[in-house]
Protein chains: 2
Amino acid sequence: MAAQAKPRATYSEIAKAAGVSEATVSRVLNGDPRVNPDRVAAVQKVVEELGYKRHRAAAALASGRSNLIAIVIDDDLSVFSDPFWATISSGVSRVLMQNELQTLLLVASVDSVDGPVAHYLQGGEVDGAIFFQLHKETLVKRLAKQGMPVVISGTPHGSSDFVYVDSDNFGGALQATKHLMAQGCKRVATITGDTVATAGNQRLEGFLQAYRERGTVANKNLIAHGDYSFESGKEQMRVLLERDLGVDGLFAANDLMAIGAIAAIEEAGLSVPNDIKVVGFDDSIMAQTSRPSITSVRQDIVRLGETLGELMIRKLAGEEIEPVILPTELVVRESA
Amino acid sequence: MAAQAKPRATYSEIAKAAGVSEATVSRVLNGDPRVNPDRVAAVQKVVEELGYKRHRAAAALASGRSNLIAIVIDDDLSVFSDPFWATISSGVSRVLMQNELQTLLLVASVDSVDGPVAHYLQGGEVDGAIFFQLHKETLVKRLAKQGMPVVISGTPHGSSDFVYVDSDNFGGALQATKHLMAQGCKRVATITGDTVATAGNQRLEGFLQAYRERGTVANKNLIAHGDYSFESGKEQMRVLLERDLGVDGLFAANDLMAIGAIAAIEEAGLSVPNDIKVVGFDDSIMAQTSRPSITSVRQDIVRLGETLGELMIRKLAGEEIEPVILPTELVVRESA
DNA sequence: CGCTGTCGTGAAACCGATTTCATGGGGGTT
DNA sequence: AACCCCCATGAAATCGGTTTCACGACAGCG
C-alpha cells in the first residue's frame, strides 16, 4: 500500500558485505555448527548493522516450514461462555513467540471434517495445531495421522493417544468433596456440569471417589445434573432440596452453578454456610466477589497455556511427549 | 517431520490439466475479470477436482502481501483482567477469515518502541495491525506513518487521527445516570474507573452530562475514583457514604465496582435498591447472577470485534474510513 | 608419499505463486 | 482496405531464503 521505509536487507547484501556466500549466511542464521567462527562473527556483525529481519514467507516457502502454530477454537458459542481460553491463548502465544513461532488464531466452526478449517489445517499451512474444546475428534485424529503435531487442551475422550494438557479435575473435585466432609458435612451432594465432556465427568468421579474413600457409596439422589449455567445451578439445587435428603454440603462443578445453588438455598430460607456448605470450581472472579464468597477449586490457567505451548515446541523438536495434568488448589472462603 | 498425505497440487499441474498457462490460473484464482469465461470455468473445474489450496507462503513471497493481520495485545496483566478481548478477538478472527485473511495473535510487552513486537510489525510481516488497550501511541503512530493499516480498539487519547472502534461510553453513562434520576434519585454519585484511559473518562463525562442536562452541576464530592476492581468499588462506596451527602443513586463505571459498592452499602445497613439504586457497566455475567441483579449498560462486544475486522478489510481495500462508535443498551434489573 | 575421508564452502537449483512484458488476434476507425 | 488500439494470453523473470551437490583443502592412514 505505502512505501516501506527501508527496503529490507536481503541475504545477497549480507553475503556481499560479509564476504561470504548466501549459503553461509543461511547457515549462520540457522545455527549450523560447522561454520568457521570467524565467518559466523562476520555475518552476525553485518546482520546487526543492517538490522536484518528474516523474511518469513520466503523462509517458509523454501524450507517447507511455516513457523506458524494454529490455535483452533470451535465457534459454537462456547467461546463466550468459557472465560478461560483467552488466558490460555495468551500463555500459548507468549511461549511460542519466545521460540520464534507465531500463533495463528482460528475461530471457526470445526464441525465438518471437510470444512474450511479442516482444509486449512490439512493444507500444510501450519506446523502444528493446538485444539480447545474438543468435541469432534475425527479431524484431530486425521491430522495427527498425517503427522501434524497436535496438542489438546482438556482431556479427550477414550484412550486416544493424543497429547493433552488438563487441570486435575478429578483431584480437585476429590479435594473439594473431602473438604466438605472434613467440615462436618454428612450428606454432600453435587451438581455436575456436562458429563459428556470429560471435564464434567472427571469432576463427578472425584466427588464419587471421596465417598469411596470414606468407605461408602454416594446415594444416586445426591447427584444432580446441570450444564454449568447459573440457571441450571439454581434449578438443580431446588431439585436436590425437594428430594429432602438432608443435604448439608454441595460440590458444584463450577462457580456459576455454585452461585445459582446458593440463590436457591437462600430462597428456601436456608443459609450458606450454616445450613449447607458450598464449594465451587474454577475460582473465578465471581467466587471472590459473590456473597458469601465461595470456596473454590483453582486451576492455574496461565500455566495451562504455557504448558500447551511448551509441549508443542517439544513435539516439533521431535520429542516423544506425554500428557500433562496440572495440579489444582482449594481456595477456602466463606461458603465452606 | 512426517510425510504429507498428498503432495499438494500446484499451478503447474492445474495449468496443464486445464490447458492454460500458469499466469491464467493465477488470474482466475485472483478474480481477474478479463479472462475468458470458458477458461475460468475450466480452471475452476480442475481446481475443484484437485482440491487445490493456495500455498500462502509462496503467494506472500511473490506478491509482497502476507494476508496476515496481527492482533496486538499488551501483556501487562490487563489480559487477565479484561474479559472482553477474547470475545473481541474471536469476532475479528471470524470476519478476517471470511475474507481470506489470517489472524496473528501477538501477546507481548509493547512497551518499548524497539522491542520485538515493534521490530516484528515494522518488518513488514503483516499487512495490518489491530491494537487493544492502547497505552503507548508512539509505536502505533510510527506504524501508521509507515503506511501500515492500523485499527484500534477503544478510543485513543488526543485528537489523533487513528481509526478506532469503541462502545459509546459517554452515551451509556449518560443513559445510566439519567435512568437513576428518572427513578427518583436526587443525589446520584459515581465511582469512576481509571480516568486516565479514555473509556473511564468518557463514562465520567457521561455522568456529568446527565447533571448538566438537568440544569445542575454534579457536586465534586459525588465523584469517587476507583480502578475497576471489586475492592476499589467497596472502598470508594464507603468513602461516599462517609461523606454523608445523602446519596441515593450510584453509577459505577463497571459491574465489578458496582458489586463492590453494593457490598459496602449492605454492610452499612442500607439496602439496594430501596435506599440506594445502583447501575453498573458492561452487563457482565456477574450483573445477572449477583443478588440483587444489577442494572447495567451493555456493550455489544462481538459486534465490536466484527467491526474491527470489517474496518481493517476496508482499510486494506484502500477506503478512507472513519472511527465507529457502537451504541450501548441499558439493561434494567433489580438494582435500579 | 600417496590415497582416502572429512569438513567448510559456494554455485546453483529450488520452493510455488505473482507479475511484467511481449505477442497475436480482433474490432473499430478513417 | 489499411491502420491503430485494446485485450486476452503465455513465457519468463521475480520474490528471498534453503538445501543439495560438487569441489578443494587438509588430516589421517598405510
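Reminder, nothing fancy here: chain letters follow the sequence lines and each chain counts from 1. As the structure is a prediction and not an experimental result, all values here were calculated from the model.
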Item checked: Integer-rounded Å distance: D/dG16 P and B/Arg56 CZ -> 20 Å
Next item on the list: Quickly work out the B/Glu125 CD to D/dG16 C1' distance and round it to whole Å.
Entry: 12 Å
Margin query: Within this structure, what is the CG-CG distance for the pair B/Leu104 and B/Leu121, rounded to the nearest 0.5 Å?
Written below: 9.0 Å
Next item on the list: In plain terms, say whether A/Glu49 and A/Lys45 are close enough for a salt bridge, that is, a side-chain N and a carboxylate O under 4.0 Å apart.
Entry: yes
Note to self: Tell me which pairs pass ring pair (Phe, Tyr, Trp, His ring centres under 6.0 Å) where either residue lies in residues 25-74 of chain A, with sequence neighbours left out.
What the structure shows: A/Tyr11-A/Tyr52
Margin query: Can you measure A/Lys53 atom NZ to D/dG16 atom P for me and round it to whole angstrom units?
Written below: 16 Å
Note to self: Return whichever of B/Gly64 or A/Leu61 has its heavy-atom-nearest nucleotide of DNA chain C closer to the 5' end.
What the structure shows: A/Leu61
Check: What integer distance in Å separates A/Glu100:CD from D/dG17:C1'?
Finding: 15 Å
Next item on the list: Indicate, with a heavy-atom threshold strictly under 4.0 Å, whether B/Arg65 touches base, sugar-phosphate, or nothing.
Entry: sugar-phosphate
Note to self: What is the distance, to the nearest angstrom, from the CD1 atom on A/Ile14 to the P atom on D/dG17?
What the structure shows: 7 Å
Next item on the list: Could you tell me whether the phosphate oxygens of D/dG17, OP1 or OP2, come under 4.0 Å of any side-chain nitrogen or oxygen in A/Tyr52?
Entry: yes
Margin query: How many whole angstroms separate atom CG of A/Asp38 from atom P of C/dG8?
Written below: 13 Å
Notebook entry, point to check: Can you tell me if A/Asn30 uses its side chain to pair, donor with acceptor, with the backbone of A/Asp32 under 3.5 Å?
Noted result: no
Notebook entry, point to check: Would B/Thr24 and B/Ser21 count as having a side-chain donor-acceptor pair, cut-off 3.5 Å?
Noted result: yes
Checklist line | Nearest to side-chain heavy atoms of B/Asn30, which nucleotide of C/dT18, D/dT18, C/dG16 | finding: C/dT18
Notebook entry, point to check: Roughly, in whole Å, what's the span from CG in B/Leu29 to P in C/dT19?
Noted result: 13 Å
Next item on the list: Taking only the side-chain heavy atoms of A/Ser63 (C-beta and beyond), determine which of C/dG16, D/dT19, D/dG17 contains the nearest atom.
Entry: D/dT19
Next item on the list: Would you indicate which nucleotide in D/dT19, D/dG16, C/dG16 comes nearest to any side-chain atom of B/Thr10?
Entry: C/dG16
Note to self: The test is side-chain contact (heavy atoms from CB on, under 4.5 Å); show your working for A/Ser167 and A/Leu304 and say whether it passes.
What the structure shows: CA-CA 8 Å; A/Ser167 290; A/Leu304 217 163; 3.8 Å; yes
Checklist line | Distance, rounded to the nearest Å, where A/Arg54 contributes CZ and D/dG17 contributes C1' | finding: 8 Å
Taking only N/O atoms, report every protein-nucleotides 4-11 of chain D pair under 3.5 Å with atom names and distance.
from	atom 1	to	atom 2	distance (Å)
D/dA8	O5'	B/Arg34	O	2.9
D/dT9	OP1	B/Arg39	NE	2.6
D/dT9	OP2	B/Asn36	N	2.8
D/dT9	O3'	B/Arg39	NH1	3.1
D/dG10	OP1	B/Arg39	NH1	3.0
D/dG10	OP2	B/Ser21	N	3.2
D/dG10	OP2	B/Ser21	OG	3.0
D/dG10	OP2	B/Thr24	OG1	2.4
D/dG10	N7	B/Arg27	NH1	3.3
D/dG10	O6	B/Arg27	NH2	2.5

Notebook entry, point to check: Short question: side chain of B/Asp127, backbone of B/Asn67 - any donor-acceptor pair under 3.5 Å?
Noted result: yes
